[in-house]
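Everything below concerns the one structure shown next.
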Amino acid sequence: MAFAAPPIQSATSSSPATGSTRYTDYPLAMAVTTTIFFMWGFLTVLNDILIPHLKTVFELNYAQAMLVQFTFFGAYFLMSLPAGRLVAALGYKKGIVAGLAIAAVGAFGFWPAALLHSYPAFLAALFVLATGITVLQVAANAYVALLGPERTSSSRLTLAQAMNSLGTTLGPWFGGLLILAAVSAGVPDAVRKAPETVQLVQTLNDAPPAQAVEAIRQAPPERLVAALNDAAATALDRLPANDVAAAIAQLPTAQLPQALDKLSGAPLLATLSALSPQQFAALPSANLAGALDKLASSHLDTDAAAQLAKVRANLAPETAQQLASYRQKQAELVQKPYLGLGCALLVLAVGVWLFRLPPLTESTEAADATHHTLMDALRHSHVLFGVLAIFFYVGAEVSIGSFLVNYLSLPEIGHMSEQQAAHYVSLYWGGAMVGRLAGSALLVYINPRKLLAAFAAVAALLVLTTMLTHGDVAMVSVIAIGLFNSIMFPTIFALGIERMGPLTGKASSLLIMAIVGGALLPLAQGVLADHMGIQHAFILPLLCYGYIVFYGLRGSLVRNAVTPASTH
């Protein structure tokens, strides 16, 4: 039994008139399609949970762990053209169903990958999952833009993308609850907020090294753990590592695991070297695995690498076996969540198949009697400039999000631990959801080109502000960028396929390929950060937003529209 969505006009007629006053000509189809945006946002943001999880499971360094993002965004680049051909052959509705089914196969692939305990197998499953999402992106973005008058296409796509942002907001909570389940016991608030603890945090952050080391030696165990949690991420790096290790190694068994979770770099390596076999045996496998993972990800010199290898070699056989068993169980934690997601994707695919969505065949390649190529689409300047705009926007958004924790933990910016900084990341992504909900309303009344240019200009000013200031001003300005990122992707996409007729699929494929900016530009910003510091490296997103201002004002203007093919 099919669930019909009564169309306002024949599905095989020409597109609704540009001057139509309706927001969408297919409200039920619009409602069904927005659920797809939620699902791929949910699945995409789970990468932020997979990266630290798989990094610990397989003892990866940061470069190896970032293969998760390379695999995911690489699928956009490699599979956009095949996805476009698939959508051209099947049409929008069947293309959406195919994308959901492919993504489900990828999600199911996490089960055997965990059983094999193979990182390449996880990456292969992730690639299949991302391929399905690529098909959805090619089909659904264009489809939503075409579900009504051209005048409100940016608004419709922005509203659908708000559901995508809802997925990115809920995804980390879901992943953290079901995948990152093993966490250290917390420190009571009464201890953390006690004046003595606050004073110890200040000593660790600012006092001369000798005074800070003495404070560590004298502090009660629970207060020391609380202070390590709240101190700046780099607070212990300036202290003699062996002195810190000598104090930490004397902690009682109950507090030692929590202390190890707070250490990094030289102090952590020195502490592990100072522990006895009995202390290693008493450590929970989760804490030991986390400590070894942090060190494996550090840029260790030759001597430090040899010292870490010695620590591993000296582990008792029982301890090493417990560690291996723990890693296998951690790998298996992803099985049930992704199995459930695969089932949900299949249910959604069946629902879309049963729902009688309008085909909109006049804007597919099936209506293209001349069989245009990608180059034909790129010859339209608003498409070419739009591809660059998507590349720079996604690159800027992902770059800022990737560096946010490290940036906020800097003493001159947020002066907080990385754990505290992580809470602010949700505000960055949550701002996009709020902005899209508001933006979808604004775009009904305001020219999308002008609103895009205005939002990009404000984002650029916020980047410049965070580059030139310190403390709370720098902190608030960088987080607020998420709010103004909100309408950029859907608006750029809608403008990029505007009045492309049967070339809409080709233009859509090119725009989705440009999402590869999310893989390349963060690497470029990383190189800049290594040479000029994180704060000054934000010059790259600043330039990206500058280009988007140009696209909104000039680059998005349609100079040679494509004549829609007749379907009669």
Side-chain angles (χ1 to χ4, degrees), residues 14-15 18 73-92 94-96 98-99 131 133-147 150 153-154 156-157 359-395 448-449 452 488-518 520 547-548 550-552 554-567:
S14 60
S15 296
T18 303
F73 286 107
Y76 279 98
F77 183 75
L78 294 175
M79 303 307 293
S80 285
L81 295 184
R85 288 193 288 269
L86 181 66
V87 173
L90 299 178
Y92 289 119
K94 292 180 181 178
I96 290 171
T131 297
I133 294 177
T134 302
V135 175
L136 291 176
Q137 289 264 23
V138 170
N141 277 300
Y143 190 70
V144 168
L146 296 168
L147 278 175
E150 193 173 87
S153 62
S154 292
R156 281 192 305 280
L157 201 47
L360 304 181
T361 54
E362 69 278 2
S363 292
T364 66
E365 292 182 41
D368 186 8
T370 57
H371 302 292
H372 289 96
T373 66
L374 288 172
M375 289 307 300
D376 292 325
L378 277 177
R379 289 190 183 99
H380 295 265
S381 60
H382 70 290
V383 176
L384 175 60
F385 290 137
V387 168
L388 293 174
I390 290 288
F391 180 90
F392 290 129
Y393 160 70
V394 176
R449 291 176 171 84
L452 174 65
M488 291 188 193
F489 182 90
T491 304
I492 293 169
F493 192 95
L495 295 176
I497 64 172
E498 185 177 1
R499 299 167 69 184
M500 290 300 290
L503 277 176
T504 298
K506 289 282 195 289
S508 178
S509 293
L510 289 166
L511 291 166
I512 298 304
M513 285 179 69
I515 292 176
V516 75
L520 300 180
Y547 176 84
I548 296 170
F550 155 76
Y551 182 72
R554 300 292 302 171
S556 61
L557 297 177
V558 181
R559 294 172 174 82
N560 47 347
V562 177
T563 303
S566 174
T567 60

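Taking all atoms of both residues into account, the shortest heavy-atom contact from S80 to T134 is OG-CG2, 3.7 Å. Taking all atoms of both residues into account, the shortest heavy-atom contact from G386 to I492 is O-CG2, 3.8 Å. Taking both residues in full, the closest heavy atoms of V383 and A377 are given as CB-O, 3.4 Å, listed atom of the first, atom of the second, then distance. Considering all non-hydrogen atoms of both residues, P448 and L495 come closest at CG-CD2, 4.3 Å. Of all heavy-atom pairs between L452 and G552, the closest is CD2-CA, 4.0 Å. The two residues V87 and G95 make their nearest non-hydrogen contact at CG2-CA, 4.4 Å.
Counting only distance, with no hydrogens or angles, the side chain of Y547 and the backbone of Y393 share no donor-acceptor pair below 3.5 Å. Checking side-chain atoms of Y551 against main-chain N and O of H382 turns up a donor-acceptor pair under 3.5 Å.
A 4.5 Å side-chain heavy-atom check between F73 and L520 finds every atom pair outside the cut-off.
Annotation: the span from I133 atom CD1 to Y76 atom OH amounts to 5.5 Å, rounded to 0.5 Å. Taking CD1 of I548 as the reference point, atom OG1 of T491 lies at 10.5 Å (rounded to 0.5 Å). In this structure, CG in L388 is found 10.0 Å from CG in L511, a value given to the nearest 0.5 Å. Summarising the geometry, atom CG belonging to L384 is positioned 11.5 Å from atom CZ belonging to R379; distances are rounded to the nearest 0.5 Å. Here I390 contributes atom CD1 and F385 contributes atom CZ; the two are 15.0 Å apart, rounded to the nearest 0.5 Å. A distance of 14.0 Å separates CE in M79 from CD1 in I512, rounded to the nearest 0.5 Å.
Within 6.0 Å of atom CZ in F550, more than 12 heavy atoms from other residues, nucleotides or ligands are found, so the atom counts as buried in its surroundings.
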Practice prompt. Would you sort out whether M513 and V387 count as a side-chain contact (heavy atoms from CB on, under 4.5 Å), showing the intermediate values?
Written response: CA-CA 8 Å; M513 285 179 69; V387 168; over 6 Å; no
